[in-house]
There are 2 protein chains.
Amino acid sequence: MTFQLDQFLPYRLSIAAAEVSRRFAERYAAEAGLSIPEWRVLAHLAHSGSVSIRDITRRVHLDKSVVSRAASRLEQAGHVAKCGHDGDRRLIALCLTPQGEALMARLAHIANDFQTHLQDLLGKDADAFDAGLTRLLDQAGRPDNRS
Amino acid sequence: MTFQLDQFLPYRLSIAAAEVSRRFAERYAAEAGLSIPEWRVLAHLAHSGSVSIRDITRRVHLDKSVVSRAASRLEQAGHVAKCGHDGDRRLIALCLTPQGEALMARLAHIANDFQTHLQDLLGKDADAFDAGLTRLLDQAGRPDNRS
DNA sequence: AAATATTCGTTGTGATTGCAACGATCCTAA
DNA sequence: TTAGGATCGTTGCAATCACAACGAATATTT
C-alpha cells in the first residue's frame, strides 16, 4: 500500500491554505497590526452591521472565546464599539466606529487586490477551484451545528 | 468598497482546509491517537525510508521543534526508532519500527479511502481543483527558504 | 409564578505553537 | 591545525488556542 503525503489532498489543502493565509496576514498586519481573528471579526462587521458575538462565532468559524478576546482588543484599539443589545441583555451589539470603518475601507482594498492576484495565479482553474471549495464547504456545514 | 468575507478566497480556503483536516484527523485519532504533526511525520517516513528531522521539517511544513517533539512521542509509542546517522553525528536517522509500519499500513488505507471520498465529493471539479492547489503550492515554495 | 434549563459573553486552564537561544558537531579558510 | 562560522536537534518561553466552568439573563416547563 503506497502512500505519498505530498499527493494527499488534505495535506496539500492544508499547506496551501496556511501559505495563502500567511501571505495575506503579512499585508494586513503591516497595515494595521491585526491578528487573524481580529481581521475576521472586523471583516464580518464590515458587511453585517451590528452583530452579537454569537453571530460572529457562528459565521466566522472561531471559538467564542477567541471572538470575545479579539473583540476586546478591537474595542481597545478604537475600531469597534460594544453597545448593549436592545431586547436581550445577554447579547452585545458590536459595530464599527468611524475609525474602524476607515480602516476597513483600506483593508477591503488590500483584500480585493489580493483576491485578484490569486485569481490571476489560478488562471483558467479559478472557477472550478472555487466551485470545489464550495462543495467542500457545503459538506462541512452540514452535519454538526458546531457546539 | 464592498467586501464579503465569505466570498474571500483565503478565508474560504482556510475554512475548507480546517474542516477537511478535522474530519480526517478524527479518523486517524480514532485509529491510533495521533496528532496532526505525528501523522505527518509518520506518513513522511512511510515513503522516505530513513530520514533526519531536518529533512522532515523541510518537506512537511512544520517547525523543527514540532517535528522534534512529535518524533519523540512516536519513539516513545514504539512507532519510530532513532538511530544515529552514519557520517554526520549531528543528524538523527528516523525510521519506522515494524509496529510503525503495521500502523502506517492501516493508516494508508484509511487515507486513501478518504482521498477517494473527497474526489467523489469534488466530482467534475476534482482535476481542476488539484491543479489550482498545485499552482498555489508552487507559488508558496518559491521565494523564501523557510528559515 | 416558581423552578429548571438554556443561552450569552467572559474568564481560567492545560496543551500546542512559533521563535529564539543553546550545546554539540561539522565545515571552511587562514 | 586551528579559529570562526554554519547546521543539527533539543529545550525554554511567551503567545495562542480549544475546551470547560462560571455568573448573568432569558426560555421553558410545571
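Bear in mind that the values here come from a model prediction, so they are computed numbers and not experimental data. By convention in this document, chain letters (A, B, ...) are assigned in the order of the sequence lines, proteins followed by strands, and residues within each chain are numbered from 1.
Protein atom CZ of B:R58 is 13 Å distant from nucleotide atom C1' of D:dG9, rounded to whole Å. When the C1' atom of C:dC19 is taken as reference, atom CG of B:L62 falls 15 Å away, rounded to whole Å. For the pair B:I53 CD1 and C:dT25 C1', the computed distance is 15 Å after rounding to whole Å. We find that CD1 of A:I92 is positioned 18 Å from P of C:dT7, with the value rounded to whole Å. D:dT11 atom P lies 15 Å from atom CG of B:D63, rounded to whole Å. Atom P of nucleotide C:dT25 and atom CZ of B:R90 are separated by 11 Å, given to the nearest angstrom. Atom pair A:I56:CD1 and C:dC8:C1' shows a separation of 13 Å (rounding to whole Å applied). Taking atom CG on B:D88 and atom C1' on D:dG9, their separation rounds to 11 Å, with Å as the unit.
Judged by distance alone, with hydrogens and angles left aside, A:S65 brings no side-chain donor or acceptor close enough to the base of D:dC17 to form a pair under 3.5 Å.
Remark: B:D127 CG is loosely packed, at most 12 non-hydrogen atoms of other residues, nucleotides or ligands lying under 6.0 Å away.
Counting heavy atoms from C-beta on, the side chains of B:S72 and B:K82 come closer than 4.5 Å.
In the set C:dC19, D:dC19, C:dC8, the nucleotide with an atom closest to the side chain of A:L91 is C:dC8. In this structure, the nucleotide among D:dA25, D:dG9, C:dT10 sitting nearest to the side chain of B:R54 is D:dG9. Side-chain proximity of B:V66 to D:dA25, C:dT17, D:dG9: nearest is C:dT17.
Backbone-only engagement by B:S52 is indicated by non-hydrogen atom pairs under 4.0 Å involving sugar-phosphate atoms exclusively. When heavy atoms are screened at a 4.0 angstrom cut-off, B:G84 is found touching no nucleic acid atom at all.
B:I36 and B:I15 end up in the same hydrophobic cluster when Ile, Leu, Val, Met, Phe, Trp and Tyr side chains are linked at under 4.5 Å. When hydrophobic clusters are built by joining Ile, Leu, Val, Met, Phe, Trp and Tyr residues whose side-chain heavy atoms come closer than 4.5 Å, directly or via intermediates, B:V51 is not grouped with B:L91.
Of the two residues contacting DNA chain C, namely B:K64 and B:R73, the nearest-nucleotide position lying further toward the 5' end is that of B:R73. Residue whose closest nucleotide on DNA chain C sits further toward the 5' end, between B:R89 and B:R69: B:R69.
The aromatic rings of B:F129 and A:F129 sit parallel, their planes meeting at an angle under 30°, below the 60° perpendicular limit. Ring orientation note: the planes of B:Y11 and A:H61 are nearly perpendicular, at an angle over 60° on the 30°/60° scale.
In the model, A:S52 has a side-chain atom that pairs as donor or acceptor with a side-chain atom of A:D55 under 3.5 Å.
Near DNA chain D, meaning a heavy atom under 4.0 Å from it, residues 32-49 of chain A has A:P37 in order of number.
A close approach under 4.0 Å does not occur between any side-chain nitrogen or oxygen of A:S68 and OP1 or OP2 of C:dG9.
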